[in-house]
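First the proteins, then the strands, lettered A, B, ... as listed; each starts at 1. Just so it is clear, the structure is predicted and the values come from calculations on it, not from any experiment. Note: hydrogens, waters and symmetry copies are ignored here, and every other heavy atom, side chains too, is used.
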Number of protein chains: 2
Amino acid sequence: MSESGAAVRNTRQRSAVSALLAEVEGFHSAQDLHAMLRDRGERVGLTTVYRTLQGLADAGEIDVMRPPGGEHLYRRCSEGHHHHLVCRACGRTVEVAGPTVESWADRVAAQHGFTDVSHTLEIFGTCPTCTP
Amino acid sequence: MSESGAAVRNTRQRSAVSALLAEVEGFHSAQDLHAMLRDRGERVGLTTVYRTLQGLADAGEIDVMRPPGGEHLYRRCSEGHHHHLVCRACGRTVEVAGPTVESWADRVAAQHGFTDVSHTLEIFGTCPTCTP
DNA sequence: CGCGATAACGACAATGATTGTCAAAAACGC
DNA sequence: GCGTTTTTGACAATCATTGTCGTTATCGCG
């Protein structure tokens, strides 16, 4: 159980989740995605959706956001590393990239001797549309 | 229901929670704080602790962190705005201040027309002690 | 100083997302 | 094709957090 048989199998359900994530825009909760799959006629268990999403998140193929609201939101986070600017009122999400922040975080962590560094950054505000 | 009776009352329990937060170091969960209060002999309900912490967080008097683990962690976030560098292995927390990030976040948000901006940033890594 | 309105408390139940369990089914290597 | 091993999925369990609602304490005012 050490090598060779790494064994990550290619299943119909896994493909379905990946395919769905490739199509939808923005963030969606696990339950949300599960519902969409059902609508499409794909028969996938909720537990499997959760597990698949976790796996994808571990593999770094998708992005996880934990809004104050409660549920985790997942999104296909293909290329590059970026953060999100979220409207408090309407939930609209804008992607932002910040090389500055990346390097700053890495530098600060390195100064303290930390290795294997990652970070989470979310910006909240009220978007123009929602400003009276 | 518009004004005059703003009414935020000063209760023993509220003082107890504030006092405790003023003394302890680092982050603690609501349940953790509740247990400490009990040890001190303060009789405060868990529900009240949750509500008080929420109120303090709304008022900006304390800081809330939501680690991947699950529970929310609260901390007296007195002066200045800072972020945290957390060790994945031992949980050790280092405070870091980043004027760069602050201004960057504000600027980016402003560029997109967002107002009333706030942000959340957490850096995770493995600290020197936990690095083999 | 005391009284009444009303906010806050608190014990308990409810909620609800996530995780664990485990037998059955599917996938891959040979 | 066949057996082994991963994966699936229905269901139950977990557990932090939130709602409920009668009771209690606080504060403003007479």
- Query: Going by heavy atoms in the side chains, are A/Val101 and B/Trp104 under 4.5 Å from each other?
  - Reply: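 The answer is yes, as the side chains (C-beta and beyond) meet within the 4.5 Å cut-off.
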
- Message: With hydrogens left out and only the distance checked, is there a donor-acceptor pair under 3.5 Å joining A/Arg51's side chain and the base of C/dG20?
- Response: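 When only heavy-atom distances are counted, A/Arg51 does not reach the base of C/dG20 through any donor-acceptor pair under 3.5 Å.
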
[X] [atom1] to [N] [atom2], straight-line distance once rounded to whole Å:
X	N	atom1	atom2	result
A/Arg14	D/dG9	CZ	C1'	14 Å
A/Leu53	C/dA17	CG	P	14 Å
A/Tyr50	C/dT21	OH	C1'	17 Å
B/Asp58	D/dT18	CG	P	11 Å
B/Leu33	D/dT17	CG	C1'	15 Å

Does [X] make a side-chain N or O approach to OP1 or OP2 of [N] shorter than 4.0 Å?
X	N	answer
A/Gln31	C/dG16	no
B/His72	D/dA16	no
A/Gln13	D/dG9	yes

- Using 30° and 60° as the class limits, which term best fits the ring planes of B/Tyr74 and B/His72: parallel, tilted or perpendicular?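 Tilted, since the angle between the ring planes falls between 30° and 60°.
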
- Message: Given 3.5 Å as the limit, does a donor-acceptor pair link the side chain of A/Thr48 with the main chain of A/Val44, or not?
- Response: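 Checking the backbone N and O of A/Val44 against the side chain of A/Thr48, no donor-acceptor pair under 3.5 Å is found.
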
- Item | Residue pairs fulfilling salt bridge (Lys or Arg N to Asp or Glu O under 4.0 Å) with at least one residue in residues 37-48 of chain B, sequence neighbours excluded |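 Every salt bridge (Lys or Arg N to Asp or Glu O under 4.0 Å) pair that includes a residue of residues 37-48 of chain B, provided the two are not neighbours, is B/Glu23-B/Arg40.
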
- Message: Within this structure, what is the CG-SG distance for the pair B/Asp116 and A/Cys127, rounded to the nearest 0.5 Å?
- Response: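 Rounded to the nearest 0.5 Å, the CG-SG separation comes out at 12.0 Å.
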
- Message: Determine whether the aromatic ring centres of residues A/Tyr50 and A/His34 are separated by less than 6.0 angstrom.
- Response: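 When the ring centroids of A/His34 and A/Tyr50 are compared, they turn out to be at least 6.0 Å apart.
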
- Between A/His84 and B/His119, does the ring centre distance come in under 6.0 Å?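 Not close enough - the centres of the two rings lie 6.0 Å or further apart.
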
- Task: Please answer: with hydrophobic residues joined when any side-chain heavy atoms are less than 4.5 Å apart, are B/Val24 and B/Val17 in the same cluster?
- Result: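 Per the 4.5 Å side-chain linkage, B/Val24 and B/Val17 are co-clustered.
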
- Message: Does the protein touch nucleotides 23-30 of chain D at the base, only the backbone, or not at all? Give it as B, S and - per nucleotide, heavy atoms under 4.0 Å.
- Response: --BBS---

- Can you spot which of A/Arg75, A/Glu71, A/Met36 makes a side chain to side chain contact (heavy atoms under 4.5 Å, CB included) with A/His28?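 Option passing the side chain to side chain contact (heavy atoms under 4.5 Å, CB included) with A/His28: A/Met36.
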
- Proximity to DNA chain C (any heavy atom under 4.0 Å), residues of residues 36-49 of chain A only: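 Contacts with DNA chain C under 4.0 Å: A/Thr47.
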
